[in-house]
Amino acid sequence: MLASTSLLAIFVLLLTNCKPKSDSDEETLLLLAAAASRICANSSFTGTTVVNSTATLDTNTDCITGMTSSMSADLPAWIRNNFKCAVGSVSGSNYVFRAQNIPNNKSYYFGSNSPMYETLAAGKTPAGTNQISSQCLVYSIPSNPAEKSGSKTGTQSGYVSVGITVNGLAIFNNAAAPGDVLASEVSTFDKFNGHPQNTGVYHHHSQPLNVSNDNANLIGILLDGFPVYGLLCDRNTVAPGDDAAPGTGTPALDSNHGHTAATVLFPSGIYHYHYAYDSTATTNTLIGSFFHGTPGTISN
């Protein structure tokens with residue numbers, strides 16, 4: 001309560017400051033207001049709070065009914081034309097994404113009383129009693145990413161999420177719950193390779209199968225501003241027949257699943273991550289143990 005009161009006080013002081021506000025200032029005020037009052041799910045942010053028992057898919061947006069899916073016009077085309085089920089905007093030198101973090105696919109983890117429920121596949125085991133619940137994830141991600149010099153920042157450094165998928169879902173690192181190896185948790189993934197942790201944050205360590213299935217599709221953006229792709233490289237051609245594993249016509253991946261190469265979305269080349277085998281997780285993941293660049297911030 002004290003933290004919320006302090007943030008609200010700051011918010012009021014900013015509102016009473018007479019200096020003209022820039023677009024960045026407006027964004028800051030919105031973020032402070034959200035933090036102070038714990039508002040996330042409303043028409044200005046991410047839409048009506050999703051309740052599992054009444055959740056349905058909106059066929060017009062391909063997101064859960066009531067969720068806001070909006071990417072502002074000043075975002076680059078590679079984000080604007082590919083991301084959904086979240087609210088995206090630009091604030092100064094950062095991209096800001098706000099998400100309820102509700103999957104736009106059926107899942108065992110909606111609970112059996114939900115229209116979005118489906119049983120786990122044969123051989124799968126539940127992740128305890130964990131269930132999907134609406135979140136208030138706010139990402140601030142560098143819009144001009146660059147390699148961080150010196151020691152890299154670990155992906156296992158307490159981040160709520162290390163990135164966001166093109167369908168507005170949290171990307172988690174290559175680690176499992178304490179005491180486990182991620183490979184041992186694969187059996188708890190639903191049909192689309194996701195599961196929630198104990199506070200209901202649905203997330204992907206692995207490729208989201210309704211986004212990418214062992215192909216070269218864009219999967220999302222990580223917290224350091226670099227994109228993450230599927231198992232293959234598109235090698236800057238639109239023909240899927242030209243897709244190949246990293247290292248075939250492109251540089252091999254580094255230990256964090258990344259390399260610099262041209263893609264259809266980035267024909268001049270960019271560092272980007274790939275879904276690939278990870279020695280820490282002993283299974284394929286979306287990122288290794290370190291960020292290539294300097295990560296932004298994430299709150300919930």
Side-chain angles (χ1 to χ4, degrees), residues 2-4 6-11 13-14 21-41 44-46 68 70-72 74-76 79 83 85-101 134-166 168-175 197 199-205 219-228 256 258 271-273 286-300:
L2 180 60
S4 295
S6 298
L7 281 169
L8 187 58
I10 295 170
F11 175 54
L13 284 172
L14 284 169
K21 294 188 291 295
S22 67
D23 290 343
S24 181
D25 291 331
E26 295 284 4
E27 189 72 29
T28 300
L29 293 177
L30 285 171
L31 288 171
L32 282 170
S37 55
R38 195 69 176 103
I39 294 172
C40 187
S44 299
F45 288 84
T46 57
T68 302
S70 174
M71 296 293 137
S72 66
D74 51 353
L75 285 164
I79 292 178
F83 283 68
C85 306
V87 177
S89 60
V90 176
S91 176
S93 59
N94 295 288
Y95 304 135
V96 176
F97 296 92
R98 300 183 183 88
Q100 282 200 59
N101 200 67
S134 178
Q135 305 296 317
C136 186
L137 294 176
V138 182
Y139 301 81
S140 183
I141 297 175
S143 58
N144 294 295
E147 180 177 7
K148 182 184 178 186
S149 60
S151 299
K152 298 292 193 283
T153 303
T155 58
Q156 298 175 22
S157 301
Y159 293 101
V160 176
S161 168
V162 298
I164 182 171
T165 66
V166 293
L169 299 173
I171 295 172
F172 272 25
N173 58 27
N174 59 344
Q197 40 77 291
T199 62
V201 180
Y202 184 87
H203 58 275
H204 291 283
H205 301 271
I219 289 177
I221 183 172
L222 295 187
L223 205 55
D224 60 356
F226 291 110
V228 56
N256 295 305
Y271 182 90
H272 56 276
Y273 300 94
L286 296 172
I287 189 173
S289 297
F290 295 93
F291 290 104
H292 183 70
T294 301
T297 62
I298 168 72
S299 66
N300 187 17

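We're numbering straight along the sequence, starting at 1.
- For S70 (side chain) and V87 (main-chain N/O), no donor-acceptor pair under 3.5 Å exists by modelled atom type.
- Residues F97 and M71 have side chains in contact (heavy-atom distance under 4.5 Å, counting atoms from C-beta outward).
- Formation of a donor-acceptor pair under 3.5 Å by the N101 side chain with backbone atoms of Y202 is found in this model.
- Checking side-chain atoms of H203 against main-chain N and O of L169 turns up no donor-acceptor pair under 3.5 Å.
- Residue I141 holds its CD1 atom at 13.5 Å from OG1 of T294, rounded to the nearest 0.5 Å.
- Scored by the side chain to side chain contact (heavy atoms under 4.5 Å, CB included) test, F290 finds K152, N256 as partners (sequence neighbours excluded).
- Side chain of S140 to backbone of V96: no donor-acceptor contact under 3.5 angstrom is found.
- In this structure, T199 and Q135 approach most closely via the heavy-atom pair O-NE2, 3.2 Å.
- Residues A86 and G168 share a closest heavy-atom pair of CB-CA, 4.3 Å.
- Formation of a donor-acceptor pair under 3.5 Å by the T155 side chain with backbone atoms of S289 is found in this model.
- The two residues I298 and V160 make their nearest non-hydrogen contact at CG1-CB, 3.8 Å.
- Taking both residues in full, the closest heavy atoms of R98 and S89 are given as NH1-OG, 4.3 Å, listed atom of the first, atom of the second, then distance.
- Note: L222 CG to S161 OG = 8.5 Å, rounded to the nearest 0.5 Å.
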Using the side chain to side chain contact (heavy atoms under 4.5 Å, CB included) rule, take I287 and N174 through it: C-alpha gap first, then chi angles, then the decisive distance, then the call. CA-CA 6 Å; I287 189 173; N174 59 344; 5.7 Å; no

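- Of all heavy-atom pairs spanning P145 and D224, the tightest one is CB-O, 3.2 Å.
- Without hydrogens or angle criteria, Y159 side chain to N173 main chain gives no donor-acceptor distance under 3.5 Å.
- Here Y95 and F83 keep their ring centres 6.0 angstrom or further from each other.
- Residues C136 and N300 have side chains in contact (heavy-atom distance under 4.5 Å, counting atoms from C-beta outward).
- Using cut-offs of 30° and 60° on the angle between ring planes, the pair F226 and Y271 is perpendicular.
- Looking at every heavy atom in both residues, I219 comes nearest to L286 through CD1-CD2, 3.8 Å.
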